[in-house]
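Notes follow the structure.
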Amino acid sequence: NKFLARFDLSSPSKKRYIERAQEVMSGKYSLADKFNIVSGVLQNDEAALTDLEMFLKIKKIRDRIVHGEDVSDDSLLVHQLRELLTKYLIAHLNQ
């Protein structure tokens, strides 16, 4: 709701469009979509885009692990994941 509050929904047609999109997409958002919405609410646009790029890199490695691929310890972005998680927990708590 905080993300949607940024849009001008004063016209009935725009409001109807957003409501319909929410209805259709209910339960269909990917993990990256959800992160994108959260980052858009908790960070400025530039930081949100940078964080989304890092999130996608981390998720790609996670997906490889889940699908049974061999992943070297050196390729794991543990430090970056910890920084991203800490950043968003702090941003959430400061709201």
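Throughout, numbering of the chain's residues begins at 1 and tracks the sequence. The figures that follow rest on heavy atoms only: side chains count, while hydrogens, waters and symmetry mates do not.
- From Asp33, atom CG reaches atom NZ of Lys28 across 12.5 Å, with rounding to the nearest 0.5 Å.
- In the hydrophobic clustering of this structure, Val41 groups with Ile18; members are Ile, Leu, Val, Met, Phe, Trp, Tyr whose side-chain heavy atoms approach within less than 4.5 Å, directly or through other members.
- Considering every non-hydrogen atom in both Leu42 and Tyr88, the closest pair reads CD1-CD2, 3.8 Å.
- In terms of hydrophobic clustering, with Ile, Leu, Val, Met, Phe, Trp and Tyr side chains grouped at heavy-atom distances under 4.5 Å, Leu85 and Ile37 are assigned to different clusters.
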> After noting the C-alpha distance and the side-chain angles of Leu84 and Gln80, does the key distance pass the side-chain contact (heavy atoms from CB on, under 4.5 Å) rule?
Replying inline: CA-CA 6 Å; Leu84 202 58; Gln80 293 87 337; over 6 Å; no
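- With rounding to the nearest 0.5 angstrom, the CG atom of Leu31 is 6.0 Å from the NZ atom of Lys59.
- Taking each heavy atom of Gln43 and Ala48 in turn, the nearest pair found is CB-N, 4.0 Å.
- Within the 3.5 Å criterion, the main-chain N or O of Lys60 finds no donor-acceptor partner in the side chain of Asp63.
- Gln95 CD: more than 12 foreign heavy atoms inside a 6.0 Å radius.
- Here the closest heavy-atom approach between residue Ser75 and residue Ser72 is recorded as OG-O, 2.8 Å.
- Atom CG of Asn44 has more than 12 neighbouring heavy atoms from other residues, nucleotides or ligands inside a 6.0 Å radius.
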> Stepwise, does the side-chain contact (heavy atoms from CB on, under 4.5 Å) test hold for Arg62 with Ile58?
Replying inline: CA-CA 6 Å; Arg62 173 249 180 219; Ile58 295 166; 5.5 Å; no
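- Leu76 CG to Ile65 CD1: the interatomic distance, rounded to the nearest 0.5 Å, is 5.0 Å.
- Under a hydrophobic clustering in which Ile, Leu, Val, Met, Phe, Trp and Tyr are joined whenever their side-chain heavy atoms come within less than 4.5 Å, directly or via other members, Leu89 and Met54 fall into different clusters.
- Partners of Leu56 by side-chain contact (heavy atoms from CB on, under 4.5 Å), not counting sequence neighbours, listed by chain and number: Ala32, Leu52.
- A distance of 9.0 Å separates OG in Ser39 from NZ in Lys87, rounded to the nearest 0.5 Å.
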> Does the side-chain contact (heavy atoms from CB on, under 4.5 Å) test come out yes or no for Glu23 and Glu19, once each step is laid out?
Replying inline: CA-CA 6 Å; Glu23 180 182 316; Glu19 287 172 351; over 6 Å; no
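- Following chains of ILVMFWY side-chain contacts shorter than 4.5 Å, one cannot reach Phe35 starting from Val66, and the two form parts of different hydrophobic clusters.
- By the 6.0 Å contact criterion, OH on Tyr29 is enclosed, its count of non-hydrogen atoms from other residues, nucleotides or ligands being greater than 12.
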>> Pair Ile90, Leu93 - check side-chain contact (heavy atoms from CB on, under 4.5 Å), show working.
In response: CA-CA 5 Å; Ile90 290 169; Leu93 292 172; 5.6 Å; no
